[in-house]
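A short write-up of the structure that comes next.
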Amino acid sequence: MLETKYNHKEVEKDKYKLWKEKGYFASGNTNKPPYCIVIPPPNVTGKLHLGHAWDTTLQDIIIRYKRMDGYDTLWLPGMDHAGIATQAKVDKKLKEQGINPRTMDREEWLKVAWDWKREYAENIHTQWEKLGLSLDYSKERFTLDDGLSKSVRKVFVDLYNEGLIYRGERIINWDPEAMTALSNEEVIYKEVEGAFYHLKYFLEDSDTYLEVATTRPETLFGDTAVAVNPNDERYKDYIGKNVILPIVGKKIPIVGDMHADPEFGTGVVKITPAHDPNDFEVGQRHNLERIVVMNPNGTMNEFAGIYKGMDRFECRKKVVEDLKEQGILIDIKPMVHSVGHSERTDVMVEPYLSKQWFVKMRPLADRVLENQKNRDTKVNFVPERFEKVMNHWMEITYDWCISRQLWWGHRIPAWYKDDAVYVGMEAPKEEGWVQDTDVLDTWFSSALWPFSTLGWPEATSDFKRYYPNNCLVTGYDIIPFWVNRMTFQGLHFTNYRPFQDCLIHGLIRDKQGRKMSKSLGNGVDPMDVIDTYGCDALRFFLATSSAPGMDLRYDEEKVKSTWNFINKLWNASRFVLMNLEDFTKEQETMEGLDLSEKWILTKMNHLIQVVRKHMDQYEFHVVGTEIYNFVWNDFCDWYIELAKMKMNDRTKTVLMTVLETILKLLHPFMPYVTEEIYQMLPTHEESIMISSYPTVQEEHIYEREKSDLDEMIAFVVKVRTYKLENQIPKDVKVYFEGNSLILDMLKITQEQLVSKETIENQNCGSVKSNCASIYFLFDSSKNLEKEKEILLKEKEKLEANITRRENLLANENYVSKAPSALVEQERATLENEKQSLEIVLQKWNQLSK
RNA sequence: GGGCGAUUAGCUCAGUUGGUUAGAGCACCUGCCCUACAAGCAGGGGGUCGUAGGUUCGAGUCCUACAUCGCCCACCA
């Protein structure tokens, strides 16, 4: 016998292990159509947070649904080496042990990193298990696996040979903390309070000067020109002359360039080609020297003269002081401008001239844009609007800096010997070639994930069977980093979209709507939630509390109320199972279904229909609401109460059928509790996980009976309200006309019934509707005023409705243009209302006597 | 500057291709320990759907403008 209260800890114990051992998670049944999702690989840097819990729950719901519905499902697990993030964490750990990681041998350091990876992978496995995820572990991959590394090299080499990967000196985003280059996507712009420093750049051999405005005076050591707009009347005559660079004292040219905006600042810009992307362009146009004035760690180098060795911010301060002293500084105007910060280390990014590897994006992006025009081959975003985010990125994207000055990652398959470069899958045979010491951007390997995990570039059976993937589930914040890159790499290398559908969800926020973050300390550990409320409650909450693409506020109250729902289901099951104790398969019967049975079966089939529809559209919030209402309102509040009155074999069969259907529909959301209860059903099979998903049974849809009972229910509610409002005692005598089922629902016994004659000429309170009437034998005179008031309200409401509907139906436009079924329904409703009004008026007259 | 989203009950959110009486959870009020469940049961109150126009027989839903909040992208010497 089940306990009175749902105990999630007891229910969730041991089931996962059993499922896994039984091989339910495994893919490979080729008799079924394939269905594949690859997990967005979590970073091996820490714990999974609520965002992961959400993301993976959605995938598990889809996978469990598809598995039950007859598909050979592959949900492929894996993890990402997460270059910068992991390296930073490993370094931090080493530093805490008193070891300077940069003094280590690369190989030695990698050993430490792999140990780290193993430890964190272990944690993640435990968490996946706790979340109940039906992942096929036999296919698990890691982005630094041999197989995946081979795909990475293949892609690099091919793109290189096609001229789509090149090495060059460009201004890139430099992270002076991690000491590596970054891509644009890894730079976060933040508003920073800075200042516009107005400086005097004296003309050569003159007392006059140009007023230059800059936010970065410390880069002046790298200035190789000053630019003015050629159309700027104030300055155009100076073009071709020279100014003297302050502090340094050397002369640099004044160039005319459209980059200088006469409206902005003073209209005179200092040009530092090695430290600003725009200046770099200007430098190219005017053939200017590029002088890097900083070291990789953000300190000033020898070009900064006496400032050499100073940190860039310290240097700025000192330079400004010195300029002031020398009378060069005219003014400091505070200003707020946005400055790039490293996504990982949060330090200010330094635009920096550096030799790096790049992917030439234009042709790759164009292919995506072209492909998205084709309905049959494009990536279908859910919700659709996110396609725009990808397309916009494809339109404006520029070359992707893929080399990273790190140790943790895929080593770039390029070798150098003097000035020669070799790019290939393996090192060149001859002596003297040295491999590039850099690794690739983590996202370079992530971009291949949907196919590299399936064995590509080999034409493996998995690749042929499960590619393209059916669906990818991820947050909108990952579209630029990942979804976009998978899409162009997929198209380029496999000629297919990597996945047919892309389900996008939002971000998890705290109760106040703030993003969950470490610095705010408002993060919630999903494992704690599971501990308190259970995995099933967490999953149902996450999957059903928001519409696709929308953010989700974590609200413990809602998780709690989900727990209550499970407890409700638990107790309903408890009731059903109590009545099924000796029930056997032979007793099952659907012969001679009565009204309430037809009613619940009809509602159940409606539910199956609507649930399937919304499952297919990834609208899990609708599915959740529908099942919730059916379970609580239809099944528990009405059907179980009705069933109590008879409880024959047929009723038991219906109870069991409905409960089993509920369990199956809920299983993708709540794998544990549904399995627990399922196993107690007298007719259960091996596991609910591999049972079949409910299908609509047309033969058990009885619309007529459904609306009949609906009407009776409405009457019952009306009577209960009336009794409560008029404080009518429980054992009141009544006269009743209508279906006796109503008396059962009202819990009115035979002893309470009186004949029509008894109530005649009595001051009876009554409730009447089109389907039944009930009279209460009690002195309603003291409630007369109140009752009249209620009646009057009802009367007014009905009259208003009737008028409105009559006008509506008198409107020829409406009658001719609205769907006829709707018009018919309106007519019927009108008739009902008229009847109801009649009844109300009768009663009114009676009371007024 | 460009784009996207949000604005609906006290709070958090749903609301299908427009269909005429806008829903849920929590909170609130009244009455109940009835043998599945008091983490429950039976009832109840509460919203001019951000503002102003427009299209339509009909608008929370479509169009235009505006307001407020949030996000993304670009620019910022």
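Throughout, a chain's letter reflects where its sequence line sits, starting with A, and its residues are numbered from 1.
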Inset, instruction - Starting at the 5' end of nucleotides 33-46 of chain B, put B wherever the base has a protein heavy atom under 4.0 Å, S where only the sugar-phosphate does, and a dash everywhere else. - result: ---BB-BSSSSS--

Inset, instruction - Write down the distance separating the P atoms in B/rA9 and B/rC49, rounded off to the nearest Å. - result: 10 Å

Inset, instruction - Could you tell me whether the phosphate oxygens of B/rA77, OP1 or OP2, come under 4.0 Å of any side-chain nitrogen or oxygen in A/R216? - result: no

Inset, instruction - Return the 5'-most residue of the pair A/V269, A/K817 with respect to RNA chain B, ranking by each residue's nearest nucleotide. - result: A/K817

Inset, instruction - Report yes if a side-chain nitrogen or oxygen of A/H621 is closer than 4.0 Å to either non-bridging phosphate oxygen (OP1 or OP2) of B/rG15; otherwise report no. - result: yes

Inset, instruction - Scan nucleotides 1-6 of chain B nucleotide by nucleotide, 5' to 3', and note B when protein non-hydrogen atoms come under 4.0 Å of the base, S if they reach only the sugar-phosphate, - if neither. - result: ---SSS

Inset, instruction - For A/D477, report the nucleic acid contact type (base, sugar-phosphate, nothing); a contact means any heavy atom under 4.0 Å. - result: nothing

Legend entry - Charged N-O contact under 4.0 Å between A/R234 and A/D232: yes

Inset, instruction - Tell me what A/E384 touches on the nucleic acid: a base, only sugar-phosphate, or nothing, going by heavy atoms under 4.0 Å. - result: nothing

Inset, instruction - Please state the C1' separation for the pair B/rA74 and B/rG2 - nearest whole angstrom. - result: 8 Å

Inset, instruction - Would you kindly compare A/D555 and A/R805 by the position of their nearest RNA chain B nucleotide and give the one closer to the 5′ end? - result: A/D555

Inset, instruction - Can you tell me, in whole Å, how much space there is between the C1' of B/rC13 and that of B/rU51? - result: 23 Å

Legend entry - Ranges pairing with ranges for RNA chain B, where each run has three or more Watson-Crick or G-U pairs under 3.5 Å: B:1-7 with B:67-73, B:10-13 with B:23-26, B:28-32 with B:40-44, B:50-54 with B:62-66

Inset, instruction - Describe the nucleic acid contact of A/A818 in one word from base, sugar-phosphate, nothing, applying a heavy-atom distance below 4.0 Å. - result: base

